[in-house]
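Structure, as structure tokens:
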Protein chains: 2
Amino acid sequence: MVDVKSGANPLFLTDEELRQGIELLFYAYRDFTSDPDSILRQFGFGRAHHRTIHFIGRNPGISVAELLGILRITKQSLSRVLSQLIERGFVIQRQGTRDRRQRLLHLTPEGIELEERVSAPQRARVARAYREAGGAAVEGYRKVLLGLINEQDRHGVLKSIKDE
Amino acid sequence: MVDVKSGANPLFLTDEELRQGIELLFYAYRDFTSDPDSILRQFGFGRAHHRTIHFIGRNPGISVAELLGILRITKQSLSRVLSQLIERGFVIQRQGTRDRRQRLLHLTPEGIELEERVSAPQRARVARAYREAGGAAVEGYRKVLLGLINEQDRHGVLKSIKDE
DNA sequence: GATTTTACGTCAACCATGTTGACATATATC
DNA sequence: GATATATGTCAACATGGTTGACGTAAAATC
């Protein structure tokens with residue numbers, strides 16, 4: 001069905017190998033997303049809240065539109081979790097100075113602390129896997145995952161703090 | 001916050017690197033899971049149906065309990081999609097011979113065809129990423145993802161057809 | 001052989017998180 | 001001044017998860 005011997009690299013890819021690559025991603029994502037669940041529940045939050053504070057924390061001052069673009073959800077869906085996070089003091093909005101229609105999002109000190117607590121087991125999982133696999137493997141991990149991402153989004157993943 | 005210079009491998013892991021590793025997984029999963037959506041919609045199915053036929057296809061004769069263990073969902077949740085897949089002729093159940101309480105799951109020829117159609121863009125995405133990254137990177141990708149998976153599940157990911 | 005456990009199914013209520021569509025407001029841009 | 005953009009909100013609905021209760025058939029145990 002899938003016959004990929006062509007391409008720049010003479011890599012022989014069987015259907016079995018491709019499906020295994022798919023499954024690895026499924027299992028890793030399954031386990032790594034479940035890590036923060038117990039902590040989130042203590043706050044009455046879910047995974048959507050986690051994703052939101054993660055990306056606000058990584059991109060302080062991100063606009064609502066940019067955040068929607070990363071999460072690939074609608075504003076109505078984001079609104080639910082974002083308004084809760086704002087109401088409970090984990091996120092603040094500041095009116096944009098260059099464009100005052102924008103609501104630029106920031107974590108409060110409490111938001112930063114929450115994000116750190118919630119992501120701690122995830123970071124520990126990644127750290128362990130990285131250490132066990134070694135530097136060369138980590139490089140390959142990054143390279144392949146980056147190649148799996150839609151091309152137009154790749155550059156955005158690599159730069160972390162942006163002021164655009 | 002995270003200071004990991006210890007361990008067997010002298011890998012210097014910054015918080016930034018760990019968070020980037022987390023984001024790579026998020027983005028890759030986001031894009032790769034969206035590939036089959038348009039085809040699934042033509043059948044009135046969703047991602048849950050896809051996961052179900054994927055794992056039945058990869059493990060012909062899998063029991064309901066085993067499938068639940070892989071998907072990490074409840075039988076009530078599986079029941080919804082599984083009964084639809086059975087009713088519409090993509091999956092069949094056979095009573096177990098060794099244990100006649102079991103319902104062993106198989107894809108029908110139609111189910112196999114559906115799974116192939118639905119997974120085609122995903123396999124193409126993985127094949128392209130693998131080819132572009134090269135064999136050494138693919139090895140690292142596998143190694144790190146395997147390390148991210150809960151230890152007790154790792155061996156199950158590697159063996160594909162099981163007769164247990 | 002009777003009892004208990006296991007594998008599976010089903011009903012019902014509910015929850016988290018996504019969607020579409022319509023409409024409102026403030027601000028920027030033409 | 002007219003139009004476009006960034007954001008917010010209301011409402012209805014879809015998908016796919018949960019818990020809890022209960023039923024049946026078959027296996028396992030006493």
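Throughout, a chain's letter reflects where its sequence line sits, starting with A, and its residues are numbered from 1.
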Look at [X] together with [Y] and state whether they make a salt bridge at an N to O cut-off of under 4.0 Å.
X       : Y       : value
R19(B)  : D15(B)  : yes
R72(A)  : D153(A) : yes
E132(A) : R128(A) : yes
E16(B)  : R58(A)  : yes

Would you mind telling me which of [options] lies closest to the side-chain atoms of [X]?
X       : options                   : result
R101(A) : dA27(D), dC10(D), dA6(D)  : dA6(D)
A65(B)  : dA12(C), dG16(D), dC8(C)  : dC8(C)
K75(B)  : dT17(C), dA21(D), dA27(D) : dA21(D)
T74(A)  : dA28(C), dT20(C), dT9(D)  : dT20(C)
R103(A) : dT10(C), dG16(D), dG8(D)  : dG8(D)

Taking any heavy-atom pair under 4.0 Å as a contact, classify [X]: base, sugar-phosphate, or nothing.
X      : value
S83(A) : nothing
Q84(A) : nothing
R41(B) : nothing

Next on the checklist: Judged by each residue's nearest nucleotide on DNA chain C, which is more toward the 5′ side, D99(A) or G46(A)?
Outcome noted: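 Nearer the 5' end of the strand: G46(A).
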
Item to check | Residue mapping more 5' on DNA chain C - nearest nucleotide basis, S77(A) or I86(B) | outcome: I86(B)

Round to the nearest Å and state the distance from [X] atom [atom1] to [N] atom [atom2].
X       : N       : atom1 : atom2 : result
L67(B)  : dG17(D) : CG    : P     : 11 Å
I73(B)  : dT17(C) : CD1   : P     : 17 Å
Q95(B)  : dA7(C)  : CD    : C1'   : 11 Å
Q76(B)  : dC15(C) : CD    : P     : 16 Å
L68(A)  : dT17(C) : CG    : P     : 16 Å
Q102(B) : dA28(D) : CD    : P     : 10 Å
I62(A)  : dA6(D)  : CD1   : P     : 14 Å
R72(B)  : dT19(D) : CZ    : P     : 14 Å

Next on the checklist: Let's test your reading of the model: under 3.5 Å, does the base of dG17(D) pair with the side chain of R80(B) as donor and acceptor?
Outcome noted: yes

Next on the checklist: Any side-chain N or O of R100(A) below 4.0 angstrom from OP1/OP2 of dA28(C)?
Outcome noted: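 It does, given that an N or O in the side chain of R100(A) lies less than 4.0 Å from OP1 or OP2 of dA28(C).
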
Checklist entry - Counting only N and O atoms by type, is there a donor-acceptor contact under 3.5 Å from the side chain of Q102(B) to the main-chain atoms of S63(B)? => result no

